[in-house]
2 protein chains.
Amino acid sequence: MLLSFAEENYLKTIYHLSLKEGKGISNNSISEILNTKPSSVTDMLKKLSNKKMIHHVKYYGVNMTEKGRKEALNIVRKHRLWEVFLVEKLKFNWDEVHEIAEQLEHINSQLLIEKLDEFLGFPSVDPHGDPIPNQLGEIIIKKQISLSQALHDVTLTIVGLKETSPNFLKYLDKMGVYIGCKITILEKIEFDGSMEIRLENKKTITISEVVSNNILITE
Amino acid sequence: MLLSFAEENYLKTIYHLSLKEGKGISNNSISEILNTKPSSVTDMLKKLSNKKMIHHVKYYGVNMTEKGRKEALNIVRKHRLWEVFLVEKLKFNWDEVHEIAEQLEHINSQLLIEKLDEFLGFPSVDPHGDPIPNQLGEIIIKKQISLSQALHDVTLTIVGLKETSPNFLKYLDKMGVYIGCKITILEKIEFDGSMEIRLENKKTITISEVVSNNILITE
DNA sequence: AATATATTTTAGATTTACCTAAAATATATT
DNA sequence: AATATATTTTAGGTAAATCTAAAATATATT
Ligand SMILES: [Mn+2]
Ligand SMILES: [Mn+2]
Ligand SMILES: [Mn+2]
Ligand SMILES: [Mn+2]
């Protein structure tokens, strides 16, 4: 089904809100994210309802149909694949790519996106550690926990950060820690909560509890 | 200056028509290319005139301002760089990329396009042999002539085709001839106008006058 | 030069995606 | 439970980009 840019942005927003807020998304929350007025949201919900993308009960909330979820996940897929392209191939920093991906996610060509996927080596996560849905609209959401809460002697993948201040990013850069890198926890120091970890390149570094608290991992 | 997609498409069309038809572009020719009605063209010309992108004299024709030409050439630059990306990196055939580039040319990020340019190795022509304007809106248009009219004993580059039927494309593919390839003319046969040429890989092939007529080259 | 034909513009509508202000409804507070 | 507050919807309006039909102007033909 062919959707306008505006329709795609509303669907994507409803999808993201559904993940956080569960069921019954409010017009207010949608309008805040999209910088529109709640009355404009009502208008669009009518359109998306007619197109069977959502269920909308007046004065209550919005829920996605399976059809709408598939569409939303396809846009998310495109967004995240383009982000990988921008970082991996064009050497953007991972904090510069979101706005451009907001535009690229609306490019309409299934063949393009499958070829891009292949060109990128079928990545499973984007530069922010978020999972990339497949063609069928399936997505594997691994729950992310703080590195500080992880068990030792396991090999883990860093998939995200709680804090993203330039200072923190520079520090991680200097230590050779980046999103997507695999690490092994060697020891946890009870005394101050610091942690000794081994990087992929066999280097061993020590990080404070403040740092390990702000690093998200999956097993 | 920020332009809408529609404004960008009109500007680009006026630019392309200016190259072919010289001065005083007609509303009719614009409407034919964009599949709109001449009255819609009149409306848009008013907008572009207000934005100082074109000069428009009622009932006469349209001419581009320097400002408009720069904008148009930036869109052409983006279009052609994306076409190179699609063919060189994503392995599209060169006859499949135009429609996708029509979308990608509207993505708005100067940094993106300069990084893409670098990633592609600063190409000077697109997959159809058309020159890529630089950041400053400068473009080197080499005049293209038929291979049949070329002098012998010179090394030439194939930059385009007059005919693009699938049969002709398949024939060229089989012979190892493609856009961008360098050839040397060894001999022209007076008798039937056929021609012996050497390809980059040192192979020598013979082509008929019908074929050499439909191949465009620059020196 | 007068007339016929083609092109361009104007006038008035339509659709999409927004808006504001006011009415309807739901939720929170006393 | 009644009232106050917050949310959502409706009603009516705007701007962009299109359209059709008719008027204005330019170009071609006799
Ligand atoms: Mn993003
Ligand atoms: Mn992301
Ligand atoms: Mn093209
Ligand atoms: Mn091209």
Side-chain angles (χ1 to χ4, degrees), chain A residues 1-14 17-18 20-64 68 71-72 75 102-103 105-106 108, chain B residues 1-14 17-18 20-64 68 71-72 75 102-103 105-106 108:
Chain A
M1 169 148 287
L2 207 99
L3 299 168
S4 69
F5 282 25
E7 288 169 331
E8 288 192 346
N9 284 332
Y10 272 90
L11 263 191
K12 192 183 52 158
T13 300
I14 296 165
L17 286 169
S18 299
K20 273 181 217 156
E21 299 183 10
K23 295 210 163 186
I25 302 310
S26 73
N27 291 26
N28 254 358
S29 56
I30 297 170
S31 76
E32 271 165 32
I33 291 174
L34 290 173
N35 286 306
T36 58
K37 300 291 161 181
S39 58
S40 304
V41 175
T42 305
D43 284 351
M44 184 56 91
L45 295 185
K46 271 178 203 150
K47 281 187 67 186
L48 291 174
S49 219
N50 287 337
K51 294 193 176 187
K52 311 284 178 211
M53 295 292 167
I54 57 168
H55 289 304
H56 181 223
V57 183
K58 267 186 193 175
Y59 290 106
Y60 288 82
V62 190
N63 290 295
M64 308 202 85
E71 290 284 352
I75 303 161
E102 285 289 300
Q103 297 181 60
E105 72 190 4
H106 301 293
N108 180 19
Chain B
M1 170 148 286
L2 207 98
L3 300 169
S4 69
F5 282 25
E7 288 169 330
E8 289 192 344
N9 283 332
Y10 273 90
L11 264 191
K12 193 184 52 159
T13 300
I14 295 166
L17 285 169
S18 300
K20 274 180 215 156
E21 299 182 11
K23 297 209 160 187
I25 303 309
S26 73
N27 292 26
N28 253 358
S29 56
I30 297 171
S31 76
E32 270 165 32
I33 290 173
L34 290 172
N35 285 307
T36 57
K37 300 293 162 179
S39 58
S40 304
V41 175
T42 304
D43 285 351
M44 184 56 92
L45 295 185
K46 272 179 203 149
K47 280 186 67 183
L48 291 175
S49 219
N50 287 337
K51 294 194 175 185
K52 310 285 179 211
M53 295 293 167
I54 57 168
H55 289 303
H56 181 222
V57 183
K58 267 186 191 173
Y59 289 107
Y60 288 83
V62 189
N63 291 296
M64 307 201 85
E71 289 285 352
I75 303 159
E102 285 290 300
Q103 297 181 63
E105 71 190 5
H106 301 293
N108 180 19

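Letters A, B, ... mirror the listed sequences (proteins, then strands); counts begin at 1.
Here Glu102(B) pairs with Lys12(B) in a salt bridge; the nearest charged N to carboxylate O distance falls below 4.0 Å.
Rounded to an integer number of Å, the gap from Asn50(A) CG to dT16(C) C1' is 14 Å. When the C1' atom of dT8(D) is taken as reference, atom CD1 of Ile25(A) falls 15 Å away, rounded to whole Å. When rounded to the nearest whole Å, the span between CG of Asp43(A) and P of dT20(C) equals 13 Å. Look at NZ on Lys46(B): it is 8 Å from P on dA11(C), rounded to the nearest Å. Atom CD1 of Ile54(B) and atom P of dT8(C) are 13 Å apart (whole Å). Atom OH in Tyr59(A) sits roughly 4 Å away from atom C1' in dT9(D) (whole-Å rounding).
Paired regions of DNA chain C, where each region holds three or more successive Watson-Crick or G-U pairs whose two hydrogen-bonding distances fall under 3.5 Å, are C:1-30 with D:1-30.
Looking only at side-chain heavy atoms (C-beta outward), Glu105(B) and Asn9(B) come within less than 4.5 Å of each other. Contact of the Ile54(B) side chain with the Leu11(B) side chain is registered, since non-hydrogen atoms from C-beta on lie closer than 4.5 Å.
Contact check, His56(A) against dT8(D): no side-chain N or O comes under 4.0 Å of OP1 or OP2. Between Lys58(B) and dT10(C), a side-chain N or O to OP1/OP2 separation shorter than 4.0 Å is present.
With the nearest nucleotide of DNA chain C identified for both Ser40(A) and Asn28(B), Asn28(B) has the one nearer the 5' end.
As judged by a 4.0 angstrom heavy-atom cut-off over every strand, Tyr10(B) is placed among residues touching the sugar-phosphate backbone only. Within 4.0 Å (heavy atoms only), Asn9(B) reaches no atom of the nucleic acid at all.
Considering CG of Asn63(A) and OG of Ser18(A), their distance stands at 6.5 Å, rounded to 0.5 Å.
Put simply, the side chain of Ser39(B) and the base of dT20(D) share a donor and an acceptor less than 3.5 Å apart.
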